[in-house]
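Beneath this line is the structure, given in structure tokens, with notes to follow.
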Amino acid sequence: MGYWLAGFDVVGVDIVPRPRYPFEFIQGDALDVMQDRCQEFLLVHASPPCQAHTALTKGTNKGRTYIDLIPQMRELCVWYGVDWVMENVNGAALRKDLTLCGEQFGLGVLRHRNFELGWIGCAPITPMPHRRHRGPVRGWRHGVWRDGPYIAAYGKGGGKGTVAEMQQAMGITWTDVHEELTEAIPPAYTEWIGREWLVRGEWGANREPDPKQRLARLRRSLATVA
């Protein structure tokens, strides 16, 4: 949704059905779709599964194994020469070109995420200042109840956000599926990144100075790979 708000046409990919997805959708293995179609697009956004890197996996779920697709996805992007954005959680083996937090956009979640930017020939991005958090995340922590301006948009119980609270806190209206909300990032993040790419990307402001002309060329210019 964020890229669409920035002016892109969006094509989404996931291995499981996503009937609530609001744009063109391809069900399939992300790596297979990348090999078949990535060169149709000017920009690819990839969000490989994060379970191998989350604090929960390294703590509560310690001992379980999860697939890590980050190296394969990066290799494909480099091989095919497509501009890419790759997103994941703290602990993932990403180059941290950019870190975004919900407080930077006035949201009701913190949801820190790191982004590796593979913008071939791009101008350097200026990171957004990480604004000071206004308080704790609401919920029980180690037997202590904390109240605060942010909700926990993951899991259930213990004061974690309800579906309606997660929708409002992240600015997501197109799905009410709990699992999809817990895995989503706020569209404000990708809208900001998309607008930065329009200005700084390989064919951005230096090659197409008229914003209207740039937007006119954005038809079918992004594949979102989950």
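Side chains are part of it too, since the values below use all heavy atoms of this structure and drop only hydrogens, waters and symmetry mates.
- In this structure, Trp145 belongs to a hydrophobic cluster whose other members, linked by side-chain heavy atoms under 4.5 Å apart, are Trp140.
- His45 is not listed as a side-chain neighbour of Trp84, based on a closest heavy-atom distance of 4.5 Å or more.
- Across all non-hydrogen atoms, the minimal contact from Leu69 to Pro48 is CB-CB, 4.2 Å.
- Around the CD atom of Gln35, the shell of radius 6.0 Å holds more than 12 heavy atoms that belong to other residues, nucleotides or ligands.
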For a side chain to side chain contact (heavy atoms under 4.5 Å, CB included) check, start with the C-alpha distance between Phe25 and Gln27, then their side-chain angles and the critical distance, and finish with the verdict. CA-CA 7 Å; Phe25 178 76; Gln27 183 178 347; 3.7 Å; yes

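- There is no path of hydrophobic side-chain contacts, each under 4.5 Å, that joins Leu110 to Leu107.
- The shortest non-hydrogen separation linking Ala92 to Ile70 is CB-CD1, 3.8 Å.
- Between Arg138 and Pro149 there is no side-chain heavy-atom pair separated by less than 4.5 Å.
- Of the inter-residue distances, the one linking Tyr154 atom OH with Thr182 atom OG1 reads 11.5 Å to the nearest 0.5 angstrom.
- Under the 4.5 Å side-chain heavy-atom criterion for Ile, Leu, Val, Met, Phe, Trp and Tyr, Val177 and Val163 are members of distinct hydrophobic clusters.
- In this structure, the side chains of Thr190 and Ile185 come closer than 4.5 Å at one or more pairs of heavy atoms.
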Could you go through the side chain to side chain contact (heavy atoms under 4.5 Å, CB included) check for Trp119 and Val85 one step at a time? CA-CA 8 Å; Trp119 295 353; Val85 177; 3.6 Å; yes

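- If you take CG on Leu5 and CE on Met1, they are separated by 6.0 Å, rounding to the nearest 0.5 Å.
- Grouping the Ile, Leu, Val, Met, Phe, Trp and Tyr side chains by contacts below 4.5 angstrom, directly or via other members, places Leu100 with Leu198.
- Taking the six-membered ring where tryptophan is involved, the planes of Phe8 and Trp197 are tilted, since the angle between them lies from 30° to 60°.
- Residues Leu98 and Pro127 share a closest heavy-atom pair of CD1-CA, 4.3 Å.
- Contact between Ala46 and Met73 at its shortest, heavy atoms only, is CB-CG, 3.6 Å.
- Side chains of His112 and His130 form a contact here, defined as non-hydrogen atoms less than 4.5 Å apart.
- Between Met128 and Trp192, the shortest heavy-atom distance links the atoms CG-CZ2, 3.2 Å.
- If you take CZ on Arg20 and OG1 on Thr173, they are separated by 12.5 Å, rounding to the nearest 0.5 Å.
- Under a cut-off of 6.0 angstrom, the local environment of CH2 in Trp79 is sparse, with at most 12 non-hydrogen atoms contributed by other residues, nucleotides or ligands.
- Every pair passing side-chain hydrogen bond (donor to acceptor under 3.5 Å, both in side chains) that includes a residue from residues 95-110 is listed here, sequence neighbours excluded: Arg95-Asp97, Thr99-Asn114, Glu103-Arg134, Glu103-Tyr150.
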Check the pair Gln167, Leu181 against side chain to side chain contact (heavy atoms under 4.5 Å, CB included), reporting the backbone distance first and the verdict last. CA-CA 7 Å; Gln167 288 176 310; Leu181 289 165; 4.0 Å; yes

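- If you take CD1 on Ile172 and CE on Met166, they are separated by 9.5 Å, rounding to the nearest 0.5 Å.
- The heavy-atom pair separating Pro49 from Asn88 by the smallest distance is O-ND2, 3.9 Å.
- Ring geometry, Tyr21 versus Phe23: the interplanar angle exceeds 60°, so the pair is classed perpendicular (tilted spans 30 to 60°).
- Atoms CG and CD1, on Leu117 and Ile193 in that order, are 6.5 Å from each other to the nearest 0.5 Å.
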Can Val89 and Arg113 be said to form a side chain to side chain contact (heavy atoms under 4.5 Å, CB included), step by step? CA-CA 5 Å; Val89 298; Arg113 290 295 182 270; 3.7 Å; yes

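- A donor-acceptor contact closer than 3.5 angstrom is absent between the side chains of Asp9 and Trp4.
- Here the CG atom belonging to Leu94 is positioned 5.5 Å from the CD atom belonging to Glu116, to the nearest 0.5 angstrom.
- Looking at Lys160 and Glu165, no side-chain N of the basic residue comes within less than 4.0 Å of a carboxylate O on the acidic one, giving no salt bridge.
- Salt bridge Arg18/Glu180: present, at least one basic N to carboxylate O contact under 4.0 Å.
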